[in-house]
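Notes follow once the structure below has been shown.
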Amino acid sequence: MTTLSNELDRIVAEIECQTRHSFMDRHIHRPEVPVSFVRVLYSMLRSLSLSQERIRLYCVTATLLQMGLDIHETVTNTRETGTGEIRARQLAVLAGDYMSSLFYKNLAERGEIDGVHRLSQAISDINEAKMELYGLQDQSQVPWSVFIRPARRICGGLVTHLSRFFCDDSPENPWDPLAENLLLMILWSSPPRPVAELGIRFPEETLRPLFMETLQQVREVRPLDVRHDLIDLIRETIPARWSESPVMEG
């Protein structure tokens, strides 16, 4: 576990280094690194036996992209009239654009052009899911299960698309839909994150079946040390009363 913690610390430190910018430090609150997102992404990449250098590259790159998307999610769609409010919105858009642009830079410098293409597809899919979710909020009597589908894509779309990329779109990919389910559960348990910012708070009874499904999917993850890391993450982030399932012993 020490080796894993050290590597995660190095990845988080690199992300923090790349997010340091005088513009953001002066004008907006620099976002915290979403460590749980990093851990799920790192576990996925490690389970696929990638080189440590490539794991580090994609962990840093995809997390920067996720942080850029999260900054954009703080931009409201209400009409602003004050100069200060308008400027704050513009600065948030620019900051999100800057964070997102780092993924192009990092991957292009390493010749990972196919990775750029796949993450660009992920961004498009996530934006479509956001529009779908916004549209659903204006409707009445819509089942929560309908809301969950786009919310899963928003929370875990980057990890899911990368898992498909590195698995050559194999139908045997154990991370599809595990990554989306797991990140939705984690983010639901620890707002504020995209789900909360989109105005969605799922009732606990709605998510409990998804939690049980996610635990079953975790049991399919190999190697065992990656599976155990995921179980540790679930124990740390998901409500304790949910973590009493026998599946947690896997």
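Both backbone and side-chain heavy atoms feed into the values below; hydrogens, waters and symmetry mates do not. Remember, predicted model here, so these are calculated numbers, not experimental data.
- Side-chain N or O atoms of Ser47 include one that pairs as donor or acceptor with a backbone N or O of Met44 at under 3.5 Å.
- The backbone N or O of Val60 sits nowhere less than 3.5 Å from a side-chain atom of Thr63 that would complete a donor-acceptor pair.
- When atom types are taken as modelled, the side chain of Asp168 and the backbone of Ser170 share no donor-acceptor pair closer than 3.5 angstrom.
- Ring geometry, Phe166 versus Tyr58: the interplanar angle exceeds 60°, so the pair is classed perpendicular (tilted spans 30 to 60°).
- Distance check: Leu48 CG to Ser163 OG gives 7.5 Å after rounding to the nearest 0.5 Å.
- Every residue two or more places apart in sequence or in another chain that forms a side-chain contact (heavy atoms from CB on, under 4.5 Å) with Ser124 is listed here: Glu128.
- Between Phe103 atom CZ and Leu57 atom CG the span is 12.0 Å, to the nearest 0.5 Å.
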Subject >> Stepwise salt bridge (Lys or Arg N to Asp or Glu O under 4.0 Å) check, Glu109 with Lys105 >> reply: CA-CA 6 Å; Glu109 287 178 347; Lys105 176 180 180 294; 3.2 Å; yes
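- Here the CD-CG distance, from Glu180 to Leu210, works out to 10.5 Å after rounding to the nearest 0.5 Å.
- Salt bridge annotation for Arg208-Glu205: absent, with no cationic side-chain nitrogen under 4.0 angstrom from a carboxylate oxygen.
- Using a 4.5 Å heavy-atom cutoff, the side chains of Gln18 and Asn106 are in contact.
- Counting only heavy atoms from C-beta outward, the side chains of Pro150 and Leu136 approach each other to under 4.5 Å.
- The line from OG1 of Thr19 to OH of Tyr98 is 8.0 Å long, rounded to the nearest 0.5 Å.
- For Glu132 and Arg149, the salt-bridge test fails: no basic side-chain N is under 4.0 Å from an acidic carboxylate O.
- Applying the side chain to side chain contact (heavy atoms under 4.5 Å, CB included) test between Val40 and each of Leu182, Leu45, Val35, Leu178 identifies Leu182 as the sole match.
- By the side-chain contact (heavy atoms from CB on, under 4.5 Å) test, Pro177 pairs with Arg152, Asn181, Gln217, sequence neighbours left out.
- Between Phe165 and Gly115, the shortest heavy-atom distance links the atoms CZ-N, 3.7 Å.
- When every heavy atom of Ile15 is checked against every heavy atom of Cys59, the shortest pair comes out as CD1-O, 4.2 Å.
- Shortest non-hydrogen contact noted between Leu50 and Ile55 is O-CD1, 3.5 Å.
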**OP:** Go through the steps to decide whether Arg118 and Asp169 satisfy the test salt bridge (Lys or Arg N to Asp or Glu O under 4.0 Å), and finish with yes or no.
**Re:** CA-CA 11 Å; Arg118 183 52 69 103; Asp169 294 306; 3.1 Å; yes
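- Atom CZ of Arg235 and atom CG of Leu230 lie 12.0 Å apart (nearest 0.5 Å).
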Original post:
Yes or no on side chain to side chain contact (heavy atoms under 4.5 Å, CB included) for Lys130 and Asn127, after CA distance, side-chain angles and deciding distance?
Top reply: CA-CA 5 Å; Lys130 288 180 179 180; Asn127 287 335; 4.2 Å; yes
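- No side-chain donor-acceptor contact under 3.5 Å links Arg227 to the backbone of Arg222.
- Side-chain atoms of Thr160 never come within 3.5 Å of backbone atoms of Gly157 as a donor-acceptor pair (strictly under, hydrogens ignored).
- For Ser51, the side-chain contact (heavy atoms from CB on, under 4.5 Å) partners two or more places apart in sequence, or in a different chain, are Glu53, Arg54.
- Comment: Arg39 does not engage Asp229 in a salt bridge, judged by the lack of any side-chain N to carboxylate O separation of less than 4.0 angstrom.
- Contact annotation: the side chain of Tyr104 approaches that of Ser120 to within less than 4.5 Å [non-hydrogen atoms, C-beta and beyond].
- Annotation: side chain of Trp175 is in contact with side chain of Ser43 (closest heavy-atom distance under 4.5 Å).
- Gln121 and Asp125 share no donor-acceptor pair across their side chains, judged by distance under 3.5 Å alone.
- The distance from atom CD1 of Ile126 to atom CG of Leu119, rounded to the nearest 0.5 Å, is 9.0 Å.
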